Structures are given as C-alpha cells and as structure tokens.
Amino acid sequence: MADVQNLINAERKIVEVLRLLVHSEKIRLAAIEQYIDKFNDIFEASDADADRIVSHPVNAFLLVKHLTVDWEQLRRFLEFDVGPAALADIDKHRSVVRFPEAEDIRGAAEGFVRLQRTYKIKTEDFAAGNITGIAKAQALGAFDCYLIGHRLAVDGSHDYAINWLEIALRKWHEEKEDPPAIREADILDWLQYSYYHGGNAWVALELSKKVKEIDPAFPTVEANIEYYEKLLSELPVSAVDAMKLQARPPVAFDLGGQYEALCRGEGVLPARVRQRLRCYYETHNNPYLLLQPAKFEVAHVSPDIFILHDVAFESEMEQIKTVAMTHLQRATVVKAGSAETEFAKIRISKSAFLGEDVDPVIAKVNRHIGYVTNMDMEQAEQLQIANYGIGGHYNAHYDFFRNPNDPDTKQIEPNLGDRIATFLLYMTDVEAGGATTFPVINVTLFPQKGSAAFWYNLNRDGTGDVRTLHEGCPVLSGNKWISNKWIREVGQFPTRPCGLVKDGLDPQLSKEFLPETAPVVNEFVVTDEKNDFERK
Ligand SMILES: O=C(O)CCC(=O)C(=O)O
Ligand SMILES: [Fe+2]
C-alpha cells in the first residue's frame, strides 16, 4: 500500500504519454484519410472518365500535385512513427517505481482466498465486488475471474479454483465479449484440471469433451479424455455415480473455521475474565506523565494485555510513515533446501527497522514508549515499522525467541536477553480487518490510530508465555501501518522483576522444581547508580 500512491502517479504520467500518442496518431490517420479523399473527390466521381478529367489542364495539374507534393507530405506522416518514442518514455516512467509483475497476480489470488476464508466471503460475492461491511467495488469480469482461478489451480487450491473458474465460465457466456480476452476452452480446461485433482474425474471428462467440441485441436485434450475414460472404467460404478451426483457449480464449501472467527471479532471472552477489565490512568511516578498520564485499558488479565490510548501524536505517526517509506522491504525467508530467499507467505507486509539517527521523531517516540511502559529502552530493539496492504497478514507466532519445547535452540544475545515485552503501536485505523488476535486466550484487538497494544511475552521465570501467541489478521479494506517496539529482558528487573515460578496464577509447571516455601520473586540490589542490578 505504501507503494500504491507512487504507482498511481507514475501511471498518471504514462496515461498522459498515451493521450499524446492518441492525439498524434489521430492527426496521422486524418492525413491519410485526407489523401484518400482528395483522390476520390477529383478522380473517382461517379461520372468520372479518366481521359476526360486529365485532359483538362487544371485536373492534370491536380493529379500531378497529388502524386508529388501531397504524396511527399503523406510519406513523412507514414515514416514518422511516434510509437517507439512513446514506448521509451513509458519505460522511463515504469522504471522509477516497482510495477506489479506476474508474481503479483499470484499474490492477489492467495490474498483473495485468505480474505475469503477469514471473513467468510463467498466467491460469488467477491467476484461481484460485494463484500459486506465495505464499499461496493466494480465487479470482476470473466477474464479477471479466470486469472484468479487459473493461479489457484496451478498452486493446487482446487476447491477455490473451481469456484473462481465456474464463475469465470458463467461470466464468459454473459459478457459475449468480441473478441474475448480469454477463450472458453482455456477456462474449461483449467476447470477440468481442478475437478480432476479435486477428486472428480467424471466432471473432468465431461468438461474435456466440451473442450474438444469447441476446439478439436486443443492441446492434450485427446490424451485427457482417453486417460479419464480409462480411469473411470476401472472404478466401481458406485464411485462414478457419486461423482455424477456432485453438484456443478459446487455449493458453498469450507469458509474458514474457529481460528478465523477471532479476526471477525466473534470470539467473546467469558464474563469471568471480562469483569476484571478496567481502564485507568498511570503515571508510574514519572514526572513526564504527571500532566498527561498514560491511558491504560486492560484487554486481558493473565497474561496481561493492555491497550495504551493516545500514545503518539498524529504528526509523529505521519512523520514516521514518511521516513519509513524509503526503507520498507518485503519480508523474505530462506527457501527450504537452498540458499535462495523468497517472499515469506507467513508474513505479507513490508517492514523496516528505523534507528534514532534516521529522524528525530524516532527518538521521541522511543522515549515516550519508555515512559508509558515504565520499561528501560536502552536494550530495546530499534523501532520496526510495518505496512500491510489488502490481504496483508502475519500468521500466528510468538514474539519471544525462546522455544518452550527446546530451550537449547534459543538464539538470545546474553547482553540483551529475550523479548520480554511487545509494544505495538497502530498508526492507522483499518477500514475492515487487520485486527491483532490472540487465539489461545480469545482476544481480538482492533487497530485504533494512536493506540498501542502492550503485553509481556515472558513468564516471570523467563520462559516464553505461550498464551501470547498472536496473529495479524488479513487486511480486508484500507491500509495498516504499525510500529513494533520489542523490549528486551536486560535492564527491566526494577519494574518487572523475574521470579522462580512462571506466574502467580499458573504455578503448576514450575512447582515440581520448587519447594512450596521458595520466594516467588528475587530481590535485587543496586550496585551502581545507573540501572545495573545484581541478582542477590
Ligand atoms: O500486525 C499485527 O497486528 C501483529 C504484528 C506482529 O505481531 C508482529 O509484527 O510481530
Ligand atoms: Fe508479533
């Protein structure tokens, strides 16, 4: 989304070049027409007799002029091809911004399915541009639906592919485009492919026969028919009958389960938990907060999750977005079994860590995060800015590094420790979707510009709190900007002392290692005037 404005600006310039091109082509065509008309006017009149016409001195002159002067003028028009110059101009504009590529069609198809699953949107409604809760969009055409369906078929998402291709087929017949952007046989062929891979060789055979009827020379159609006929002849009759009974187009299929319900805001906390939720002002005895205390809203108790309201000014957030724009990179992961990287599917967003040297606003926001969270920012990570577009999301994950099942695999720098807390500032309201959900504890937080989610990732004993599993839900409409501040363990002991048990409410796991009388929380002595603490 951060790129879209630049993209539109570049495209605007390209359209201007095209407009000029159309203008000069019109002049060219007019000149050609004029040349033709002139000849017709003088020499092709219905009662024209060539000999008689040219025997007149004026006509003879006009003919000579037509074939010399007029022709030379026309020749210049015919030689002057503005296409290449326009193309060079367009290429120049396109090189400045990253334009979408074929790969982005894949991204769009995957994004559509993610949105459909998460927000229970039927393919039919999606294709009609009808999504409950957001403004109606233009409907997709047969070719658009084909592109999505084709991509899904290639990627093996056959149930969704069938839905999209069936709609493409229906629209193809409704549109009766001439010439059509896509051939009917292509839609049918991909449809048969997905039906076959989806387990219905009978429908695949029927569709293949149709392909052959339309275009007997269609590649592979003969072989497919032969293959399906053989396959079906070897199956028990009851299996083939079951295939015949399967409705076409298929009725609604699985559109997301309980896991996605939270993204839709459907998970409600039990009253027992909700009644403990409060709002309060907090100064942490910090003079900086005396005049404007932090506004805490408790979103969940144990693990404690807070929403801190109004923690950043509009001007600060806009400045952060502006400076982040040039640094944003798409999240990548290393491809399994190779040294190459590819775009991560688990996180579709662009992000960048911004140091305090990038702009004074970063230092200002960092300092304020320290005040409102009452935590030491010395060892915190740099502020990470992330921007999600439509369909952008972040799969469920933990922010801490410590793997609860295999503590030895941890990769934690000793002078920093693990990510003890997360401060997640929402820098936009999101029109629809884009919530942060905690599926273990059924919490959904909807982005609110200027508010931040804040929670502790670690138990008191330093182990990862698995209840903090969280997810960034796909953005359905709008643009989501966030800033993450991951606060590290070291330096936090004065305000968040570590302990020997996980926490007061769930001591079961640590109990076996502890005598009942063991002190819950360690004490610390200050050994130096700064924030250097030593474990007693
Ligand atoms: O986008 C969200 O709501 C969650 C982001 C997140 O969890 C992360 O960046 O670690
Ligand atoms: Fe996270």
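Everything numeric here is computed off the predicted structure, so don't read it as measured data. Counting from 1, the numbers follow the sequence of the chain as shown. Read the numbers this way: they start at 1 and go in the same order the structure lists the ligands and their atoms.
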Checklist entry - Are the aromatic ring centres of Phe126 and Phe112 under 6.0 angstrom apart? => result yes
Next on the checklist: Taking the ring of Trp455 and the ring of His300, is the distance between their centroids below 6.0 Å?
Outcome noted: no
Next on the checklist: Do Glu110 and Tyr160 pair up side chain to side chain, a donor and an acceptor below 3.5 Å, judged on atom types alone?
Outcome noted: no
Item to check | Within the 4.0 Å heavy-atom sphere of ligand 1, strictly under, residues | outcome: Arg347, Tyr388, Tyr394, His397, Asp399, Leu424, Thr436, His470, Gly472, Lys480, Ile482, Asn484, Trp486
Checklist outcome for this item: Atoms of type N, O or S from the protein that sit nearer than 2.8 Å to the Fe ion (ligand 2) number exactly 3
Item to check | salt bridge (charged side-chain N to carboxylate O under 4.0 Å, His left out) evaluation trace for Lys364 with Glu316 | outcome: CA-CA 9 Å; Lys364 205 171 156 217; Glu316 291 170 337; 3.0 Å; yes
Cation-pi between [X] and [Y]: NZ/CZ under 6.0 Å from ring centre and within 45° of the ring axis?
{"X": "Lys480", "Y": "Tyr388", "value": "yes"}
{"X": "Arg94", "Y": "Phe99", "value": "yes"}
{"X": "Arg467", "Y": "Phe438", "value": "no"}

Next on the checklist: So which atom in Thr428 and which in Trp481 form the shortest heavy-atom distance, rounded to 0.1 Å?
Outcome noted: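 Between these two residues, the closest heavy atoms are OG1-N, 2.9 Å.
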Item to check | Test ring-ring contact (aromatic ring centres under 6.0 Å, His included) applied to His158 and Tyr193, step by step | outcome: CA-CA 9 Å; His158 297 297; Tyr193 174 86; 5.7 Å; yes
